[in-house]
Amino acid sequence: MTEKQQLLDQRYMRMARIWSENSYCERRKVGALLVKNQMIISDGYNGTPSGFENNCEDENNVSKPYVLHAEANAISKVARSHNSSDNATLYVTASPCIECAKLIIQSGIKRVVYGEKYRIMDGVELLERANIEISFLE
């Protein structure tokens, strides 16, 4: 990897972390940026679907089952635009879960950079199996 790419990765990850601050989730705030040809083509953070209340956790502090992950929000947002995620890079502040990994594979994303290891790493393992380039960037 070139020094320029390393600098870009660090900058985009900082931006994803800032974007995570938009999340209303209390337990964990996650941000994601989708970048293609050095342009941000989509962004996302974890939260409830459009039109729902902005409370991600129930009264027992458990995430509601319909909360969308940052990656899913970024991918669905680009799907509604005129952009394509083919060969794009996804920057996400936490490692993708298995469900988001499936979306990443199907959306044509070729590289994932994540900044925090989640306790379950099955999503990263699936991405590796699909030959998607993975980078852990603290």
Side-chain angles (χ1 to χ4, degrees):
M1 182 181 313
T2 67
E3 186 177 333
K4 181 179 180 181
Q5 186 61 58
Q6 288 176 338
L7 286 172
L8 286 171
D9 285 353
Q10 291 169 354
R11 289 176 184 147
Y12 286 127
M13 185 59 70
R14 279 197 310 267
M15 293 171 73
R17 286 186 177 113
I18 290 168
W19 203 243
S20 74
E21 295 172 13
N22 289 317
S23 173
Y24 288 93
C25 296
E26 297 295 328
R27 292 178 52 224
R28 175 184 226 111
K29 295 178 183 293
V30 180
L33 292 179
L34 201 46
V35 177
K36 185 173 177 177
N37 301 324
Q38 296 185 4
M39 292 186 301
I40 298 169
I41 60 169
S42 189
D43 54 54
Y45 51 87
N46 56 328
T48 56
S50 298
F52 281 64
E53 76 290 346
N54 286 323
N55 298 330
C56 297
E57 294 86 13
D58 63 18
E59 60 279 350
N60 298 317
N61 202 33
V62 175
S63 290
K64 295 178 180 175
Y66 51 85
V67 168
L68 290 159
H69 290 186
E71 308 93 301
N73 266 325
I75 291 168
S76 60
K77 191 173 180 181
V78 78
R80 294 182 68 179
S81 74
H82 296 290
N83 286 316
S84 166
S85 54
D86 272 343
N87 298 310
T89 297
L90 178 69
Y91 294 87
V92 62
T93 59
S95 58
C97 71
I98 192 86
E99 293 301 318
C100 287
K102 291 188 273 187
L103 292 173
I104 291 165
I105 293 165
Q106 290 301 100
S107 66
I109 293 168
K110 292 301 177 203
R111 184 168 179 255
V112 174
V113 180
Y114 67 95
E116 180 183 319
K117 291 182 180 180
Y118 189 59
R119 61 183 168 80
I120 303 169
M121 295 297 287
D122 55 356
V124 171
E125 293 165 8
L126 184 64
L127 294 172
E128 288 171 340
R129 187 172 164 201
N131 295 318
I132 291 175
E133 183 184 339
I134 305 293
S135 295
F136 173 55
L137 183 67
E138 293 185 77

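Treat the numbers as computed from the prediction; the structure is a model and nothing was measured.
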- [ ] Hey, could you give me each pair passing disulfide (SG to SG under 2.5 Å) that has a residue in residues 12-68? Not counting sequence neighbours.
- [x]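 For residues 12-68, and leaving out neighbouring residues, the disulfide (SG to SG under 2.5 Å) pairs sorted by first residue read Cys25-Cys56.
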Quick check for you: to the nearest 0.5 Å, what is the distance between [X] atom [atom1] and [Y] atom [atom2]?
{"X": "Thr93", "Y": "Ile18", "atom1": "OG1", "atom2": "CD1", "answer": "12.0 Å"}
{"X": "Thr2", "Y": "Leu7", "atom1": "OG1", "atom2": "CG", "answer": "8.5 Å"}
{"X": "Leu34", "Y": "Ser85", "atom1": "CG", "atom2": "OG", "answer": "6.0 Å"}
{"X": "Asn73", "Y": "Leu103", "atom1": "CG", "atom2": "CG", "answer": "10.5 Å"}
{"X": "Leu127", "Y": "Ile134", "atom1": "CG", "atom2": "CD1", "answer": "4.5 Å"}
{"X": "Tyr66", "Y": "Thr48", "atom1": "OH", "atom2": "OG1", "answer": "7.0 Å"}

Mind jotting down which residue pairs meet the salt bridge (charged side-chain N to carboxylate O under 4.0 Å, His left out) criterion with at least one end in [range]? Sequence neighbours excluded, please.
{"range": "residues 94-104", "value": "Glu99-Lys102"}
{"range": "residues 125-138", "value": "Arg111-Glu133"}
{"range": "residues 75-92", "value": "Asp43-Lys77"}
{"range": "residues 15-40", "value": "Arg28-Glu116"}

On a heavy-atom basis, which atom in [X] and which in [Y] lie closest, and how many Å separate them?
{"X": "Ile41", "Y": "Ala88", "answer": "CD1-CB, 4.5 Å"}
{"X": "Ile132", "Y": "Ile109", "answer": "CD1-O, 3.5 Å"}
{"X": "Pro96", "Y": "Ala101", "answer": "CB-N, 4.4 Å"}
{"X": "Lys110", "Y": "Asn87", "answer": "CG-OD1, 3.1 Å"}
{"X": "Pro49", "Y": "Leu68", "answer": "CA-CD1, 4.0 Å"}

When clusters are formed by joining ILVMFWY residues with side-chain heavy atoms under 4.5 Å apart, either directly or through shared neighbours, do [X] and [Y] land in the same one?
{"X": "Met13", "Y": "Phe136", "result": "no"}
{"X": "Ile40", "Y": "Val78", "result": "no"}
{"X": "Val112", "Y": "Leu137", "result": "no"}
{"X": "Ile98", "Y": "Met121", "result": "yes"}

Task: Any side-chain heavy-atom pair of Gln106 and Ile75 under 4.5 Å - done: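 Gln106 vs Ile75: side chains apart.
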Task: 4.5 Å side-chain heavy-atom contact, Cys97 and Tyr118 - done: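 Side chain of Cys97 against side chain of Tyr118, heavy atoms only: no contact under 4.5 Å found.
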Task: Identified side chain to side chain contact (heavy atoms under 4.5 Å, CB included) counterpart of Ile104 within the set Leu126, Leu90, Val92 - done: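 Among Leu126, Leu90, Val92, the one meeting side chain to side chain contact (heavy atoms under 4.5 Å, CB included) with Ile104 is Leu90.
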- [ ] Starting from Trp19, walk the hydrophobic network (Ile, Leu, Val, Met, Phe, Trp, Tyr; side-chain heavy atoms closer than 4.5 Å) and list everyone else you reach, by chain and number.
- [x]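 Taking Ile, Leu, Val, Met, Phe, Trp and Tyr as members, Trp19 shares its hydrophobic cluster with Tyr45.
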[X] side chain vs [Y] backbone, donor-acceptor pair below 3.5 Å:
{"X": "Asn60", "Y": "Val62", "value": "no"}
{"X": "Ser135", "Y": "Val113", "value": "no"}
{"X": "Ser42", "Y": "Ala74", "value": "yes"}

TODO: Determine, stepwise, if the pair Gln38 / Tyr12 fulfils side-chain contact (heavy atoms from CB on, under 4.5 Å).
DONE: CA-CA 10 Å; Gln38 296 185 4; Tyr12 286 127; 4.1 Å; yes
Task: Pair Val30-His69, side-chain contact (heavy atoms from CB on, under 4.5 Å): steps then yes or no - done: CA-CA 8 Å; Val30 180; His69 290 186; over 6 Å; no
